[in-house]
Amino acid sequence: MFCFSLSPIFKSVIYDRQTLKKLHTIKKQIKDQIWKNIPRVLFCLSASWYSIFKHTFSGLICVSILMEQVAKRHQDGWRRSPIYKRSPDMTKSLMTKSEQLLRIDDHDFTMRPAFGGPPIPVGVDVQVESLDTISEVDMDFTMTLYLRHYWKDERLSFPSTNNQSMTFDSRLVKKIWVPDMFFVHSKRSFIHDTTTDNVMLRVYPDGNVLYSLRVTVTAMCNMDLSRFPLDTQTCSLEIESYAYTDDDLMLYWKKGNESLNTDDRISLSQFLIQKFHTTTKLAFYSSTGWYNRLYIHFTLRRHIFFFLLQTYFPATLMVMLSWVSFWIDRRAVPARVPLGITTVLTMSTIITGVNASMPRVSYIKAVDIYLWVSFVFVFLSVIEYAAVNYLSTVQERKERKLRERLPCTCGIGNPDEMMIDPQITGYGSTDVNITGNYGLPENGGRQERILAQVALNDPQITGQVKASRGYVNIWIDTHAIDKYSRVVFPGAYILFNIIYWSIYL
């Protein structure tokens, strides 16, 4: 059995059918392998293109570096030209770095200027921008100010023909020496950073330095509230070096009292700012030594009108309201008792409201004296009615006993006529109308009163009711309590106010 050839390679070879079948199988496998390897071939081609692009980009970078070096050499040559030498003031040259001009890298700025020599003088001046809050509860104040330092550091001197200074922001401050000022007894403080850090550094050619920053500080203020709210407070802001004693750093006010400037528009709701002044003292610490300390003192006088409206006037009105009960009939219990209780509770509310906004001090304040004396007056008006009511009850009991001992009045022809007969009773009709009806029931109270007087005038009954003579005196005293209270209470309260305001004003 014969067969044809498979390819030119096997042109001269003759295979049988089984061999030919094997060759077809191998051919199919070769085609499958080729199709499977096509992605790999494409990937290899792309990698080759990437390598070509990479080498090209590297070449471009090398070319740009070479061009930059050429430009730099050209620039150096331009600096040596006569045109460039026409501006010898290097401080205003944009081509010179400030750090190189100040030779910052050539010095150790962790040490103070003139280390090992005399103390470096550091002048200070302050401009107060605002006095924000004064808190009696926390006993502190908040102030915003511009703090400026002046000193000389020869390490920062630089050559200049026109004596022009250089001004920097906070970035250079971190690289040089600056005084380490802090606020003594401060609770919170921060440097403003809107829109950038509010810090300025100005360096002069001879090495003089101005360092200014804008600070808000909350510091402690020891207040004496014994005369509150008629008080005057003096608070102090203290500035001191943290690390350097007076052997290394000498703090002083640059222009004395004129070193402190204030804004005329500064005002507070509760206080009147009377004056600002400065002082300088030495502070001693047992473990570290003596330090220079600068003081800013300011005196504040409290406005009284707010407290007059909110505290004194309401308390006075409550006291006056309690006196109304002296003119109300003592039998009107539903009228007098609620009036007294209402005034007492109102005074308690006023006292509680004032103390809620005050620190818990252990001494008595001026406002406490006024409020508690007013409370006592209100309370005594309630006690006065309790005394009147008690004596009235005692009086009624004795009248009842007296009526039981009196003889029968059936034989009297006209008791009413006898009651108003001055020869019998000793009272005129006017006296009966004025005095006999006070504090007695309308139905027969006056008649019983006059009958009691008749019985007392009758010598036949005098021995039986001798002990009842005290009854008449009791009735007159009870009537006099309200009458005298109308004069004694207002008079005593007016006297108290005269003494109080004469002491505290």
Side-chain angles (χ1 to χ4, degrees), residues 128 130-144 183-188 216-238 262 265-277 279 295-322 343-380 492-505:
V128 179
S130 65
L131 192 57
D132 302 324
T133 58
I134 308 291
S135 175
E136 295 86 2
V137 178
D138 299 326
M139 287 199 175
D140 59 22
F141 65 91
T142 301
M143 177 186 293
T144 300
F183 298 100
V184 185
H185 303 143
S186 66
K187 297 181 179 180
R188 295 175 299 276
T216 294
V217 56
T218 300
M220 182 178 64
C221 178
N222 293 322
M223 301 182 184
D224 181 13
L225 300 175
S226 58
R227 299 177 64 90
F228 175 87
L230 307 167
D231 56 334
T232 299
Q233 303 294 340
T234 299
C235 299
S236 301
L237 182 64
E238 306 171 15
T262 59
R265 296 173 297 177
I266 296 178
S267 62
L268 295 170
S269 59
Q270 286 193 33
F271 293 92
L272 172 65
I273 303 175
Q274 292 186 328
K275 64 176 181 178
F276 282 89
H277 67 281
T279 56
Y295 292 82
I296 301 174
H297 304 285
F298 54 96
T299 304
L300 306 171
R301 182 173 180 83
R302 196 182 305 273
H303 295 302
I304 186 61
F305 189 70
F306 171 81
F307 296 94
L308 288 177
L309 292 179
Q310 299 295 324
T311 304
Y312 286 95
F313 285 166
T316 303
L317 291 177
M318 288 300 105
V319 174
M320 297 174 64
L321 183 61
S322 67
T343 53
V344 169
L345 293 178
T346 304
M347 285 301 305
S348 301
T349 303
I350 294 175
I351 295 173
T352 303
V354 171
N355 291 331
S357 59
M358 297 297 299
R360 294 180 176 88
V361 294
S362 58
Y363 49 84
I364 299 176
K365 303 180 289 293
V367 68
D368 294 336
I369 295 176
Y370 193 90
L371 292 179
W372 279 105
V373 170
S374 300
F375 182 84
V376 169
F377 272 90
V378 172
F379 183 75
L380 288 178
Y493 195 69
I494 292 173
L495 179 63
F496 161 71
N497 275 272
I498 293 174
I499 297 174
Y500 179 88
W501 295 108
S502 61
I503 292 176
Y504 288 104
L505 281 182

So that I know where these two stand, are His303 and Phe305 an aromatic pair - ring centroids less than 6.0 Å apart? no
Search all heavy atoms of [X] against all heavy atoms of [Y] and return the closest pair with its distance.
| X | Y | value |
| --- | --- | --- |
| Phe307 | Gln270 | CZ-OE1, 3.9 Å |
| Asp132 | Leu268 | O-CD2, 3.7 Å |
| Met223 | Met139 | O-CE, 3.6 Å |
| Met143 | Leu237 | SD-CD2, 3.9 Å |

Distance, nearest 0.5 Å, that separates [atom1] of [X] from [atom2] of [Y]:
| X | Y | atom1 | atom2 | answer |
| --- | --- | --- | --- | --- |
| Leu505 | Ile304 | CG | CD1 | 7.5 Å |
| Met220 | Ser135 | CE | OG | 13.5 Å |
| Thr299 | Gln274 | OG1 | CD | 6.0 Å |
| Leu380 | Ser322 | CG | OG | 9.0 Å |
| Leu131 | Thr133 | CG | OG1 | 8.0 Å |

For Phe183, ring-ring contact (aromatic ring centres under 6.0 Å, His included) partners two or more places apart: none
Using the ring of each side chain (for Trp, its six-membered ring), is Phe375 parallel, tilted or perpendicular to Trp372, with breaks at 30° and 60°? perpendicular
Solution key, residues 309-320 side-chain donor-acceptor pairs under 3.5 Å, sequence neighbours excluded:
residue, atom, partner, partner atom, Å
Tyr312, OH, Tyr500, OH, 2.8
Thr316, OG1, Tyr312, O, 2.9
Thr316, OG1, Tyr370, OH, 2.7

Apply side-chain contact (heavy atoms from CB on, under 4.5 Å) to Asp224 and Asp231, showing your working. CA-CA 8 Å; Asp224 181 13; Asp231 56 334; over 6 Å; no
OH/Tyr295: more than 12 non-hydrogen atoms of other groups inside 6.0 Å: yes
Could you list the donor-acceptor pairs under 3.5 angstrom formed between side-chain atoms of residues 347-354 and any protein atom two or more places apart in sequence or on another chain?
residue, atom, partner, partner atom, Å
Ser348, OG, Val344, O, 3.0
Thr349, OG1, Leu345, O, 3.0
Thr352, OG1, Ser348, O, 2.8

Tell me, do [X] and [Y] make a side-chain contact under 4.5 Å, heavy atoms counted?
| X | Y | result |
| --- | --- | --- |
| Ser374 | Tyr493 | yes |
| Ser267 | Ile273 | no |
| Val217 | Thr142 | no |
| Asp138 | Thr218 | no |
| Lys365 | Asn355 | yes |
| Gln233 | Ile134 | no |

Return yes if a side-chain donor-acceptor contact under 3.5 Å exists between His297 and Thr234, otherwise no. no
Tyr363 side chain to Leu225 backbone, donor-acceptor under 3.5 Å: yes
Ignoring hydrogens and geometry, is there a side-chain-to-backbone donor-acceptor pair from Arg227 to Tyr504 under 3.5 Å? yes
If you measure from the Lys or Arg side-chain nitrogens to the Asp or Glu carboxylate oxygens, is any gap between Arg302 and Glu136 under 4.0 Å? yes
